[in-house]
2 protein chains.
Amino acid sequence: MNNLKYQITRHSVQRDRILELLRSTDRHPTADWLYDKLKSDFPRLSLGTIYRNLAILHEQGLIRKISFGSAFDRFEARVDHHYHLVCEECGRIMDLAIPFDEELNKKANASAGTFQVRHHRLEFYGLCENCRSQKDK
Amino acid sequence: MNNLKYQITRHSVQRDRILELLRSTDRHPTADWLYDKLKSDFPRLSLGTIYRNLAILHEQGLIRKISFGSAFDRFEARVDHHYHLVCEECGRIMDLAIPFDEELNKKANASAGTFQVRHHRLEFYGLCENCRSQKDK
DNA sequence: GTCCGTGCAAAAGCTTTGCAGCCTT
DNA sequence: AAGGCTGCAAAGCTTTTGCACGGAC
């Protein structure tokens, strides 16, 4: 049983360069930035290749992915600060009852140098009850 | 000086219903879910209206928005667990030096009921040095 | 010679926006 | 009457995917 989407066996210069680039910077680049940087070396490079290789590298645990932006925003009417539980299986989101920790901002600020921390966002990921019992079957 | 994009003055039944719906549920809906729910009451409703009103409600502080998904993913070669600083002005992302807190998962689990917490994601938002000095001018 | 990886282009998926007409004030 | 709000449709953006070709092994 193997759920990997990409089963790479071959070597790819492009993939090497993407990983190398990521390892050489602390900018947490977007796919597009990588594309721009590598375009001069591979004039016929395509964004599809970037994305495919990022997915492969990610699958291999060689890189991490941080999602931002707004593909699939969720909304809620509760406007006080609180944290969420997110089910990785079904996408369900629940509010979590632990108190909001303002102290976290101070702790972060203490290590953030000249960066000025104003707030934070914390989410917990795992399995909701439903999906857990599904998996037990 | 007013930077608000939406300056609402008028009343809208659709907006009322969106807020009412959000207040009546704990599902943290997507725009599409709201659209589906309201479609029967407003047969000619459009998703554009949903999005516009969500933006207005958000601007008024009546609702919160949680972004997930992948519009603008960022990648990094550092694969150990760590936290990030995100500049709200320029979008720059930096690694934060505070230790990764595995205890957080346990704390969350203790309040999560039947939800099984496996990991978490924590980001700090604020202003980087550059953008801070820009603002002082 | 296989068949994986690439480039290219089209498609997909969510969100935004232009526009004309309607509705609130 | 003024102009914000709506529905509709098109556009915008990032990411994904189908396909044929070229390259790795």
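Just so we're on the same page: letters track the sequence lines, and every chain starts at 1.
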Nearest-angstrom distance from the residue atom [atom1] of [X] to [atom2] of [N]:
X	N	atom1	atom2	result
L57(B)	dC5(D)	CG	C1'	13 Å
F42(B)	dC5(D)	CZ	P	15 Å
L47(A)	dT17(D)	CG	P	15 Å
D41(A)	dG7(C)	CG	P	12 Å
E59(B)	dC5(D)	CD	P	11 Å
K39(A)	dT6(C)	NZ	P	14 Å
Y35(B)	dC14(C)	OH	C1'	14 Å
L54(B)	dT6(D)	CG	P	11 Å

Please check if the distance between the ring centroids of F100(B) and H119(B) is under 6.0 Å. no
Among [options], which nucleotide has an atom closest to any side-chain atom of [X]?
X	options	answer
R15(B)	dG7(C), dC5(D), dG5(C)	dC5(D)
N53(B)	dC3(C), dT6(D), dG7(D)	dT6(D)
R10(B)	dC5(D), dG7(C), dG7(D)	dC5(D)

Checking side-chain contact (heavy atoms from CB on, under 4.5 Å) against I56(A), which of H58(A), Q60(A), E59(A) comes through? Q60(A)
Assert: residue with more 5' nearest nucleotide on DNA chain C, out of H11(B) and R44(A), is R44(A)
Quick check: does any side chain N or O of R121(B) sit under 3.5 Å from a backbone N or O of Y125(A), one acting as donor and the other as acceptor? no
Using the six-membered ring wherever Trp is involved, compare the ring planes of H84(B) and H28(A) and label them parallel, tilted or perpendicular (cut-offs 30° and 60°). perpendicular
Within the structure, does a side-chain N or O atom of [X] lie under 4.0 Å from either OP1 or OP2 of [N]?
X	N	answer
S46(A)	dT6(C)	no
Q14(A)	dG7(C)	yes
S12(B)	dT24(C)	no
R52(B)	dT6(D)	no

For residues 16-23 of chain B, run the donor-acceptor check on the side chains, cut-off 3.5 Å, and write out each pair with its distance to 0.1 Å, sequence neighbours left out.
{"from": "D16(B)", "atom 1": "OD2", "to": "H11(B)", "atom 2": "NE2", "distance (Å)": "2.5"}
{"from": "R17(B)", "atom 1": "NH1", "to": "D41(B)", "atom 2": "OD2", "distance (Å)": "2.8"}
{"from": "R17(B)", "atom 1": "NH2", "to": "D41(B)", "atom 2": "OD2", "distance (Å)": "3.0"}

